[in-house]
K.L.:
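One structure follows; several queries about it will come next.
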Amino acid sequence: MSTRKQTKKYSYNSGSSGLSKPKKSLGQNFLNDQKVVQDIVLCADLSPSDAVIEIGPGRGAMTGKLAERAGLVIAVEIDRDLIPGIEELANAYGNIIPLHADILDLDIEKDIVEKYVLPRGLSRVKVCANLPYYITTPIIMKFLEECPQLIDDMVIMVQKEVAERMTAAPGGKDYGAMTVTVNYFTEPRIAFIVPPRCFIPQPSVDSAVVRLKMRKEPPFELDDRDFFFKVVKAAFSQRRKTLANALGNSANLSATSQQVAETLVAMGINPMARGETLSGQQFAALANRLLSV
Ligand code: SAM
């Protein structure tokens with residue numbers, strides 16, 4: 001399946017003087033630790049029938065290693081200065097497609113899957129990335145909301161605190177709209193923690209590699225998915241308020257605080273409860289009931 005020309009070791013991640021200076025504005029903290037690269041690639045569990053979308057290949061620290069195991073790597077990089085290096089890797093491996101683009105502007109299905117993946121007969125699409133931290137959440141949300149059915153698995157490096165938010169249990173300060181959303185679409189797991197010394201330049205906080213295994217079936221039934229996410233968003237937009245007040249005051253929902261409180265009582269939930277105490281399943285049941293209020 002693979003079109004690679006060669007698999008010999010080839011790296012453009014030299015950190016040598018010919019490379020452009022890392023751009024802070026683009027979240028450029030380049031990986032500089034081969035063991036971490038290897039562990040990320042192993043975590044992605046790749047085979048020659050997989051296509052990998054690598055967001056922000058940068059200086060290519062992971063790109064060649066991904067190409068050695070997957071059938072195809074689509075490497076989407078926003079920084080024009082880094083494209084020649086990715087093109088060099090593409091020439092060496094034969095199964096890397098460099099795309100100079102902002103990942104947030106791409107239509108994943110039309111611009112990537114239909115154009116590059118399907119014509120090569122590849123069956124699975126995975127996302128693998130050391131994400132630029134300034135747009136971590138928009139990138140994750142884009143893949144989850146725009147095309148969850150197209151993606152099999154996401155293995156991504158994020159700030160440790162973001163990883164903790166994705167995997168938090170109800171009741172704590174880390175639990176929020178992102179937790180509920182990520183857990184609706186995926187089964188998230190923190191694979192390992194990566195300290196600042198593994199990057200050039202070093203970030204100020206720890207990072208974590210997270211594996212988001214996309215769910216084949218939703219974890220609970222929703223009568224209206226958009227409405228569910230409106231309820232979840234409203235519940236956490238004013239964390240210090242009770243759930244009844246947060247939802248009752250939301251401009252995006254029509255139920256009053258009184259109606260929300262009555263619905264909670266009917267569900268056996270304390271009407272003074274805050275959003276952070278409800279599980280995803282309870283949010284689903286609440287949203288399904290509020291639809292007809
Ligand atoms: N993968 C490389 C590594 O691990 O060394 C680089 C990771 S660095 C944290 C993030 C990369 O994402 C940078 O190369 C940056 O230029 C790129 N990037 C930033 N914003 C982007 C966007 N909107 N679309 C695509 N790439 C982006």
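From a predicted model like this one, the values you see are computed outputs, not experimental measurements. By convention here, the first residue in the shown sequence is residue 1. For ligands, and for the atoms within them, numbers begin at 1 and follow the listed sequence.
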K.L.:
Could you report the tightest heavy-atom contact between F220 and A284, atom names first, then the distance?
P.N.:
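Of all heavy-atom pairs spanning F220 and A284, the closest is CD1-CB, 3.4 Å.
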
K.L.:
Ring centres under 6.0 Å, that's the criterion: do F236 and F283 meet it?
P.N.:
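When the ring centroids of F236 and F283 are compared, they turn out to be within the sub-6.0 Å range.
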
K.L.:
Is M62 in polar range of ligand 1, meaning some N or O pair under 3.5 Å apart?
P.N.:
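N/O-N/O distance under 3.5 Å: no.
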
K.L.:
Show the atoms of ligand 1 that are less than 4.0 angstrom away from any heavy atom in L31.
P.N.:
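Close to L31: 3 (C), 4 (O), 5 (O).
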
K.L.:
In chain order, what residues pass the salt bridge (charged side-chain N to carboxylate O under 4.0 Å, His left out) check against D111, with sequence neighbours excluded?
P.N.:
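D111: no salt bridge (charged side-chain N to carboxylate O under 4.0 Å, His left out) contacts found.
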
K.L.:
Which atom pair, heavy atoms only, marks the closest approach of C198 to V36?
P.N.:
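It is SG-CG2, 4.0 Å.
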
K.L.:
Classify the angle between the aromatic ring planes of Y184 and F228 as parallel (below 30°), tilted (30 to 60°) or perpendicular (above 60°).
P.N.:
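Answer is tilted, since the angle falls between 30° and 60°.
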
K.L.:
Can you list the ligand 1 atoms lying under 4.0 Å from a non-hydrogen atom of A101?
P.N.:
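Near A101, the atoms of ligand 1 are 24 (N), 25 (C).
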
K.L.:
Taking a cutoff of less than 4.0 Å between a non-hydrogen atom of the residue and any ligand atom, is M157 in contact with ligand 1?
P.N.:
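In this structure, M157 fails to qualify as a contact of ligand 1 - no heavy atom is under 4.0 Å.
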
K.L.:
I'd like to know whether ligand 1 has L104 as a neighbour, heavy-atom separation below 4.0 Å.
P.N.:
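The answer is no, since L104 has no heavy atom less than 4.0 Å from ligand 1.
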
K.L.:
Output the list of atoms in ligand 1 that are nearer than 4.0 Å to some heavy atom of A61, sorted by atom number.
P.N.:
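Once the distances to A61 are compared, the set is 5 (O).
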
K.L.:
Residue-level breakdown please: for I135 versus ligand 1, do any non-hydrogen atoms fall below 4.0 Å on the side chain, on the backbone, on both, or on neither?
P.N.:
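Looking at I135 and ligand 1, just side chain atoms fall under 4.0 Å.
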
K.L.:
Using non-hydrogen atoms of the residue, decide whether Y134 is closer than 4.0 angstrom to ligand 1.
P.N.:
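Checking ligand 1 against Y134, which is what was asked, there is a heavy-atom contact under 4.0 Å.
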
K.L.:
Can you list the ligand 1 atoms lying under 4.0 Å from a non-hydrogen atom of E54?
P.N.:
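Ligand 1 atoms under the 4.0 Å threshold to E54: 1 (N).
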
K.L.:
Heavy-atom contact under 4.0 Å between A129 and ligand 1?
P.N.:
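No; A129 lies far enough from ligand 1 that no heavy-atom distance drops under 4.0 Å.
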
K.L.:
Non-hydrogen atoms of Q28 versus ligand 1: any pair closer than 4.0 Å?
P.N.:
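So Q28 counts as touching ligand 1.
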
K.L.:
Have a look at D153 and tell me which of K216, R211, R124 forms a salt bridge (charged side-chain N to carboxylate O under 4.0 Å, His left out) with it.
P.N.:
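So, applying the salt bridge (charged side-chain N to carboxylate O under 4.0 Å, His left out) to D153 and each of K216, R211, R124, only R211 qualifies.
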
K.L.:
What atoms of ligand 1 come within less than 4.0 Å of a heavy atom belonging to L82?
P.N.:
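By the 4.0 Å cutoff, the relevant atoms are 14 (O).
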
K.L.:
Between Q34 and Q38, is there a side-chain donor-acceptor contact under 3.5 Å, judged purely by atom types and distance?
P.N.:
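Side-chain D/A pair, Q38 to Q34: absent.
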
K.L.:
Provide the closest heavy-atom pair for R274 versus T242 in the form atom of the first, atom of the second, distance.
P.N.:
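Scanning both residues, the minimum pair turns out to be CG-CA, 4.3 Å.
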
K.L.:
Hey, is D79 close enough to R59 for a salt bridge, meaning N to O under 4.0 Å?
P.N.:
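A salt bridge is absent here (no side-chain N lies under 4.0 Å from a carboxylate O).
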
K.L.:
If you look at every heavy atom in V41 and R69, which pair is closest and at what distance?
P.N.:
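Scanning both residues completely, I find the closest heavy atoms to be CG1-CD, 3.4 Å.
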
K.L.:
Check R59 against ligand 1 and report side chain, backbone, both or neither, counting heavy atoms closer than 4.0 Å.
P.N.:
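Neither part.
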
K.L.:
Within a distance under 4.0 Å of any heavy atom of N29, pick out the atoms of ligand 1 and give their elements.
P.N.:
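Taking each heavy atom of N29 in turn, ligand 1 has 8 (S), 9 (C) under 4.0 Å.
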
K.L.:
Nearest non-hydrogen atom to atom 21 (C) of ligand 1 belongs to which of I86, I103, I78?
P.N.:
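Ranked by closest heavy atom to atom 21 (C) of ligand 1, first place is I78.
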
K.L.:
Under the salt bridge (charged side-chain N to carboxylate O under 4.0 Å, His left out) test, which residues partner R239, sequence neighbours left out?
P.N.:
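Listed in chain order: E276.
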
K.L.:
Need the ligand 1 atom indices (1-based, order shown) with element for anything under 4.0 Å from a heavy-atom of G27.
P.N.:
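Close to G27: 8 (S), 9 (C), 10 (C).
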
K.L.:
Does a side chain donor of either Y133 or S207 reach within less than 3.5 Å of an acceptor in the other side chain?
P.N.:
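Side-chain D/A pair, Y133 to S207: present.
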
K.L.:
Any heavy atom of L131 sitting closer than 4.0 Å to ligand 1?
P.N.:
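A heavy atom of L131 does come that close to ligand 1.
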
K.L.:
Under 4.0 Å from a heavy atom of N130: give me the atoms of ligand 1 that qualify, with their elements.
P.N.:
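Counting atoms of ligand 1 from 1, those under 4.0 Å from N130 are 3 (C), 4 (O), 7 (C), 8 (S), 9 (C), 10 (C).
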
K.L.:
Of the choices I200, D102, V37, which has the non-hydrogen atom that lies closest to atom 22 (C) of ligand 1?
P.N.:
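Comparing heavy atoms across I200, D102, V37, the nearest one to atom 22 (C) of ligand 1 lies in D102.
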
